[in-house]
Amino acid sequence: MSRRLLDRRAFLRTTAATALAAGAATAGVLPAAAGSGRRPIPRPAIGMHLYTMRRGLAADFAGTVQALADIGYATVGVSGRHGHSAAAIRAMLDDAGLTAVLEHVGYDRLTNNLAGACEDVLTLGGQWVVTSSLPGSLYTLDGIRRAAAEFNRAGAVAATYGLKVLHHNHDAEFRTDGGRVLYDVLLEETDPDLVGFELDVYWAARGGYDAGDYFVQHPARFPALHVKDMAPDGGFADVGSGTLDFPAMFEHASRGGVRQFLVEHDNPADELSTARNSFAYLRDLRF
């Protein structure tokens, strides 16, 4: 199914980060629409993808996750162990009052040591085993179909652990081959009961597509997001300080099945400042 290609001038317009008074949210999923511009993101659904914090984690893992909890984050996506076992990370997260919802793993681990990956995600307390990227050789129509078949196989194994396999995209998934958008092929050729997607909204935009359209066209396929903003020059920005229109993007997030909004910045100048700025924006966002 084809997707509406973005009008970049419309999509990359600067959005005003107008803050309304934040209310306390108690649900871990988006509430039903109560009127345009009135819905907040529930606080338990605002998380941090720990790749953002990798320098701080390498120096002081426990102190960094405690700092995230102090800012107000409820959840994390684990990406990199920094020499710690899954059990040790779980203990540090428990001490900070944070919950790991997923862990990123390499595609080779999905194909060669999936049982170990599932066991580690269970130890962490998560729900999803997430492939961080695909090998470059798979970014063709034939390759993406092989990946879809592998995801279905892995999803069936993960289901025996009570888990689900997700895939995290970059912009390469939005290339076309044989007139097909590769990401669309992944969606269409994977079993919705076994395979979901952690949609990185920045990379979708870099690829020329609107994340919001995917929520409408493929309901319930996107339990987690990487919420990442785009600077005017196309680089990375703290969430809410760049050009992406998050209120418009998230209007149909509930239809897309979104349960976790995980902040990410690939190269923050100051990790804790990025964490604070991005959390404040998502806490106050209404859509």
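Numbering of residues begins at 1 and proceeds along the displayed sequence.
Counting only distance, with no hydrogens or angles, the side chain of T176 and the backbone of V181 share no donor-acceptor pair below 3.5 Å. Under a 3.5 Å cut-off, the side chain of D177 and the backbone N or O of T140 do not form any donor-acceptor pair. Side-chain atoms of S273 do not come within 3.5 Å of backbone N or O of D270 as any donor-acceptor pair.
Residues meeting the salt bridge (Lys or Arg N to Asp or Glu O under 4.0 Å) test with D266, sequence neighbours left out: K228. A275 is linked by a side chain to side chain contact (heavy atoms under 4.5 Å, CB included) to M48, M53, L68, I71, Y73, counting only residues two or more places apart in sequence or in another chain. Take H168 and apply the side-chain hydrogen bond (donor to acceptor under 3.5 Å, both in side chains) test, not counting sequence neighbours, and it matches D200, H226. Here Y51 pairs with nothing under the ring-ring contact (aromatic ring centres under 6.0 Å, His included) rule; sequence neighbours left out. In this view, R81 and A86, I89, E103, R109, D120 satisfy the side chain to side chain contact (heavy atoms under 4.5 Å, CB included) rule, not counting sequence neighbours. For the side-chain hydrogen bond (donor to acceptor under 3.5 Å, both in side chains) test, no residue two or more places apart in sequence or in another chain qualifies with E271. With sequence neighbours excluded, the residues forming a ring-ring contact (aromatic ring centres under 6.0 Å, His included) with Y202 are F236, listed by chain and number. For R145, the side chain to side chain contact (heavy atoms under 4.5 Å, CB included) criterion is met by L141, R180, V185, E189, not counting sequence neighbours. Considering only residues two or more places apart in sequence or on other chains, R221 meets the salt bridge (Lys or Arg N to Asp or Glu O under 4.0 Å) condition with none of them. Legend: residues meeting side chain to side chain contact (heavy atoms under 4.5 Å, CB included) with D171, ordered by chain and number and at least two apart, are W203, R206.
Under 3.5 Å, the side chains of E198 and H104 contain a donor-acceptor pair of N or O atoms. A donor atom on one side chain and an acceptor atom on the other are not found under 3.5 Å apart for T274 and H265.
By the rule that hydrophobic residues join a cluster once side-chain heavy atoms approach within less than 4.5 Å of another member, L114 and V130 end up as members of separate clusters. Grouping the Ile, Leu, Val, Met, Phe, Trp and Tyr side chains by contacts below 4.5 angstrom, directly or via other members, places L187 with L194. In the hydrophobic cluster analysis, where Ile, Leu, Val, Met, Phe, Trp and Tyr join through side-chain heavy atoms closer than 4.5 angstrom, V101 is grouped apart from F279. Note on L102: it does not cluster hydrophobically with L225, by side-chain heavy-atom contacts below 4.5 Å among ILVMFWY residues.
Looking only at side-chain heavy atoms (C-beta outward), S132 and V105 stay at 4.5 Å or farther from each other. In this structure, the side chains of L122 and L163 come closer than 4.5 Å at one or more pairs of heavy atoms. Within the 4.5 Å cutoff, side-chain heavy atoms of L166 are placed close to those of P223. Residues V201 and F246 are in side-chain contact: their nearest non-hydrogen atoms beyond the backbone lie under 4.5 Å apart. Proximity of L199 to F215: side-chain heavy atoms (C-beta onward) are separated by under 4.5 Å at one or more points. For the pair V76/V65, no side-chain contact is recorded, criterion being any heavy-atom separation below 4.5 Å from C-beta on. Looking at heavy atoms from C-beta onward, I46 lies out of side-chain contact with T75 at the 4.5 angstrom threshold. The side-chain heavy atoms of V165 and L110, taken from C-beta on, include a pair separated by under 4.5 Å.
When every heavy atom of A237 is checked against every heavy atom of A231, the shortest pair comes out as CB-N, 3.8 Å. Annotation for A269 and R55: closest pair O-NH2, 4.0 Å, computed over non-hydrogen atoms. Scanning both residues, N169 and A204, for their nearest heavy atoms gives ND2-N, 3.9 Å. Nearest heavy-atom pair across L182 and A172 is CD1-O, 4.0 Å. Considering all non-hydrogen atoms of both residues, S254 and R39 come closest at OG-NH1, 4.2 Å. Contact between R286 and P247 at its shortest, heavy atoms only, is O-CB, 4.0 Å.
Atom CD of residue E150 and atom CD1 of residue I144 lie 12.5 Å apart, to the nearest 0.5 angstrom. Atom NE2 of H84 is separated from atom CG of L57 by 8.0 Å, given to the nearest 0.5 angstrom. The CG atom of L282 sits 4.5 Å away from the CD1 atom of I41 when rounded to the nearest 0.5 Å. A distance of 11.0 Å separates CG of D108 from OG1 of T131, quoted to the nearest 0.5 Å. The NE2 atom of H167 lies 10.0 Å from the OG1 atom of T190; values are rounded to the nearest 0.5 Å. Within the model, atoms CG of L134 and NE2 of H170 stand 9.5 Å from one another, a figure rounded to the nearest 0.5 Å.
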**Item:** Derivation of the side-chain contact (heavy atoms from CB on, under 4.5 Å) call for V227 and L262
**Value:** CA-CA 6 Å; V227 183; L262 298 173; over 6 Å; no
**Request:** Report the C-alpha separation of R54 and L50 in whole Å, then their side-chain angles, then the decisive distance to 0.1 Å, and conclude whether the side-chain contact (heavy atoms from CB on, under 4.5 Å) test is met.
**Result:** CA-CA 6 Å; R54 60 194 179 277; L50 291 182; over 6 Å; no
**Message:** side-chain contact (heavy atoms from CB on, under 4.5 Å), that's the test. Do L93 and T99 meet it? Break it down for me.
**Reply:** CA-CA 6 Å; L93 294 176; T99 300; over 6 Å; no
**Request:** Report the C-alpha separation of S241 and N277 in whole Å, then their side-chain angles, then the decisive distance to 0.1 Å, and conclude whether the side-chain contact (heavy atoms from CB on, under 4.5 Å) test is met.
**Result:** CA-CA 9 Å; S241 70; N277 294 341; over 6 Å; no
**Prompt:** Could you walk me through whether F250 and F261 pass the ring pair (Phe, Tyr, Trp, His ring centres under 6.0 Å) check?
**Reply:** CA-CA 10 Å; F250 294 161; F261 296 74; 5.1 Å; yes
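Within the structure, ring-ring contact (aromatic ring centres under 6.0 Å, His included) pairs that include any residue of residues 178-199 comprise F174-Y183, Y183-F197, Y183-Y214 (at least two apart or interchain). Sorted pairs that involve residues 105-145 and meet ring-ring contact (aromatic ring centres under 6.0 Å, His included), not counting sequence neighbours, are lacking altogether.
Salt-bridge formation is not detected for the pair D142/R146: no Lys NZ or Arg NE/NH1/NH2 atom is positioned less than 4.0 Å from an Asp or Glu carboxylate oxygen.
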